[in-house]
Amino acid sequence: MEAGEVCAVTGLTTTVPGQGLGAQQESSVPVLEPVLNYRIYLPDEVNAVEMMEKLKQLEEEDPQLHILWNEQLQEIHAQMMGQVQIEVLTQLIKERFGVVVVFGQGNIVYKETIAKPVEGVGHFEPLRHYAEVHLLLEPGEPGSGIEVASACSEDVLDLNWQRLIATHIMEREHPGVLTGSALTDVKITILSGRAHIKHTEGGDFRQATYRAIRQGLKSTESVLLEPVYAFTLEVPQEMVGRAMTDLKQRAGKFDSPEFGTGNGMDYAVLQGTVPVATMQDYSSEVHAYTRGLGHLTLELSGYDVCHNSEEVIAETGYDSEADTANPTGSVFCAHGAGFIVPWDQVDNYMHLPRQFVPEEETQTPADGRSYETNGQSFGPVHRQQSSGKTGWELDQELQQIYAREFGMSREDMEDQERRKWLKKKSDAPKPNVVKYDKKGNPIYPAKGPQEEYLIVDGYNIIFAWKDLNELSRVNIDSARDKLLDILSNYQGYKSCPVLVVFDAYKRKEHPGAKSKYHNLDVVYTKTDETADAFIERTVHEIGHKYRVTVATNDGLEQLTVMSQGALRMSADNLQEEIERLSRLEYENYLASQKR
């Protein structure tokens, strides 16, 4: 074959795209990784098992396509990137195999890792079989996948058995114990193992290895991971507060906004990471609230700790003990028959001692050997031997230590400590006593700062602001939406609860309504109830809990809420506050750029 030519090679059964033949180096692993899982619905007349074999052909052709068979549900699932790949695969299946398939609702592909190192033990010993494996599981670097190493001497376990254990570790995805999702970002080190000269077969170490990993996962703290996007969001500058609030509600992490000018407008740019699960429909929402001026770019950035782990775990309902295909316990043999030992009782039956203990518990190994992996030392467990002394002998020894080190007996030392404790207790500050002024009125300590709460009289502000007043004459709904957008942006800066009240008392048979407008609480009063009355009642109900401010130009309403302890803010004051915060955010950005 000359350079640039194409040939066909027949008879190959295990080749995959990107694999190098002969002296050719293999290509790198695809950058993109599927993050959504879809169930494939087949026509009734199509056999699922036969179709699975055909779909595996497509998987070999596209490394970014993962076809999975759910044995328990007898279903075919596909892991892909999104809607575009679904459309391409649907058409390809129809053209290649003449079958029209339908894809179900996409679910997030979660993964699991561990937070602490642990030694996992797996033992497989039914009649005439034998293998025991000890593995150290440690948290790995994000994105590292599964790494394998060995710290086991060939004197303990032959090298060929160690290689076989490493093969079994890497030959499959190991399910976690939280949701059954694939294990990742874990370094697995072979610590020890044992084989029988006559009864051990290769499959025995496979079982022991799988069980050792599962037993280790059950013995440590697991962490649920979810895919995250790296995002860039560009919006008009006056809408950056709304954008920041949206991203916070979607568990996003981002830096301070960057401001600029271009295409005839002032804009702000936000960059950071956000979970894939919360961004499924946000692109269209950005176009809606920015009137087509906003732009959102998403790029898969790997996996991070799941923002709602408890919710996902509860919804999945995975039971690691009920997963018979991935047992957590081990099999031992007694009286000519094998029996199952649960994962938390394996220590009572295993034949080899544990090799790893946490760093704070590590003692000098009995054989003088020690190993180190990721800063954690481990070696054969060495238990401290008993001194053989009686309780009276130990007490006499303690007395001598106290006299030598402190110049007093143990009883004198304890008596001194007791006197110190009594003096400390007597010097403790006395509880506050209420004091009185000259007129006999009690003087109470000042209360700590309360959380702010802003209540806005919606229509009053609309008719007080010139631009909104003019817009209301054309379309009152547009003026109301414009006010809500401005307040939503303001709330993003202030991060305090904001309640907007609109007067609907003139509408016939209106029961009243409460709703959420992004980060705002919006209320439409019921028939025969004015906005003033609703605001006054609300101030009375929450005034003891929050530092309430009411924004309105109604002088009578201002006096009423002030009498109930609330602060007042005119329409002009509110507008100036909104403009001030917007300028302050921009100035902070410029200052950070200079630094």
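None of the values given here were measured: they were computed from a predicted structure.
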**Message:** Can a donor-acceptor pair be found, under 3.5 Å and without considering hydrogens, that links the side chain of Gln215 to the backbone of Ser330?
**Reply:** no
**Message:** Taking the basic N atoms (NZ, or NE/NH1/NH2) and the acidic carboxylate oxygens, is any pair closer than 4.0 Å for Lys218 and Asp344?
**Reply:** no
**Message:** For Glu141, I'd like to know if atom CD has over 12 heavy atoms of other residues, nucleotides or ligands within 6.0 Å.
**Reply:** no
**Request:** Verify the distance criterion only: is there a donor paired with an acceptor across the side chains of Asn519 and Thr245 at less than 3.5 Å?
**Result:** yes
**Prompt:** Are there more than 12 heavy atoms of other residues, nucleotides or ligands under 6.0 Å from atom CD of Gln91?
**Reply:** yes
**Selection residues 42-52 - residue pairs positive for side chain to side chain donor-acceptor pair (under 3.5 Å), sequence neighbours left out** = none
**Asked** So, for Gln355 and Ser192, which heavy atoms are closest and what is the spacing to 0.1 Å?
**Response** CG-CB, 3.9 Å
**Prompt:** Listed by chain and number, what are the side chain to side chain donor-acceptor pair (under 3.5 Å) partners of Ser150, not counting sequence neighbours?
**Reply:** Gln162
**Item:** Min side-chain heavy-atom separation Leu225-Asp185 under 4.5 Å
**Value:** yes
**Phe254, CZ: over 12 other non-hydrogen atoms inside 6.0 angstrom** = yes
**Complete:** Correct closest heavy-atom pair for Val331 and Pro126 would be CG1-N, 3.9 Å
**Message:** Whether the side chain of Glu452 engages the backbone of Cys496 through a donor-acceptor N/O pair (distance < 3.5 Å, no angle test) should be reported.
**Reply:** no
**Message:** Any heavy-atom pair between the side chains of Leu352 and Met350 that's under 4.5 Å?
**Reply:** no
**Asked** By side-chain contact (heavy atoms from CB on, under 4.5 Å), which residues pair with Ala251, not counting sequence neighbours?
**Response** Pro275, His307
**Request:** Output all residues satisfying side chain to side chain donor-acceptor pair (under 3.5 Å) with Tyr229, sequence neighbours left out; order by chain, then residue number.
**Result:** none
**Side-chain heavy atoms of Arg214 within contact of Pro327, under 4.5 Å** = no
**Asked** Would you say Asp485 and Asn489 make side-chain contact, with heavy atoms under 4.5 Å?
**Response** no
**Prompt:** For Arg172 and Asn326, which heavy atoms make the closest approach, and how far apart are they?
**Reply:** NH2-OD1, 2.7 Å
**Message:** What I'd like to find out is whether the side chain of Thr113 reaches to under 4.5 Å of the side chain of Lys111, using heavy atoms alone.
**Reply:** no
**Prompt:** For Glu171, does the CD atom have more than 12 heavy-atom neighbours from other residues, nucleotides or ligands under 6.0 Å away?
**Reply:** yes
**Item:** Heavy-atom side-chain contact between Ile190 and Val133 under 4.5 Å
**Value:** no
**Message:** With heavy-atom distances below 4.5 Å as the criterion, would you say the side chains of Tyr110 and Asn37 are in contact?
**Reply:** no
**Message:** Donor-acceptor check, side chain of Arg128 to backbone of His199, threshold 3.5 angstrom: yes or no?
**Reply:** no
**Message:** Could you check whether Glu285 pairs with Arg242 (Lys NZ or Arg NE/NH1/NH2 to Asp/Glu carboxylate O, under 4.0 Å)?
**Reply:** yes
**Message:** I'd like to know if the side chain of Tyr318 pairs up with that of Asp323 as donor and acceptor (distance under 3.5 Å, no hydrogens or angles considered).
**Reply:** yes
**Message:** Could you check whether any side-chain heavy atom of Leu270 comes within less than 4.5 Å of a side-chain heavy atom of Val235, counting everything from C-beta outward?
**Reply:** no
**Message:** Tell me whether His174 contacts the main-chain N or O of Ile169 through its side chain, where contact means a donor paired with an acceptor under 3.5 Å.
**Reply:** yes
**Asked** Which one of Lys516, Gln491, Lys514 satisfies the side-chain contact (heavy atoms from CB on, under 4.5 Å) criterion with Asp521?
**Response** Lys516
**Asked** Short question: side chain of Arg39, backbone of Glu75 - any donor-acceptor pair under 3.5 Å?
**Response** no
**Prompt:** Is it the case that more than 12 heavy atoms not belonging to Gln249 sit under 6.0 Å from its CD atom?
**Reply:** yes
**Request:** For Glu112 and Thr179, indicate whether the former's side chain and the latter's backbone hold a donor-acceptor pair under 3.5 Å.
**Result:** yes
**Asked** Are more than 12 heavy atoms from other residues, nucleotides or ligands located less than 6.0 Å from atom CD1 of Ile340?
**Response** no
**Request:** Taking all heavy atoms of Val118 and all of Ser219, pick out the closest pair and write down the distance.
**Result:** CG2-CB, 3.8 Å
**Message:** As a quick check of understanding, evaluate side-chain contact (heavy atoms from CB on, under 4.5 Å) for Tyr289 and Asp246, giving each step before the final call.
**Reply:** CA-CA 11 Å; Tyr289 76 76; Asp246 284 352; 3.6 Å; yes
**Prompt:** Is any side-chain N of the basic residue among Lys56 and Glu59 closer than 4.0 Å to the acidic one's carboxylate O?
**Reply:** yes
**Item:** Pairs satisfying ring-ring contact (aromatic ring centres under 6.0 Å, His included), at least one member in residues 123-157, at least two apart
**Value:** His123-Tyr130, His123-Phe332, His123-His351, Tyr130-His351
**Listed once per pair and sorted, the ring-ring contact (aromatic ring centres under 6.0 Å, His included) pairs that draw on residues 139-172, sequence neighbours left out** = Trp161-Phe205
**Item:** Arg250 to Phe231 six-membered ring, cation-pi geometry met (6.0 Å, 45°)
**Value:** no
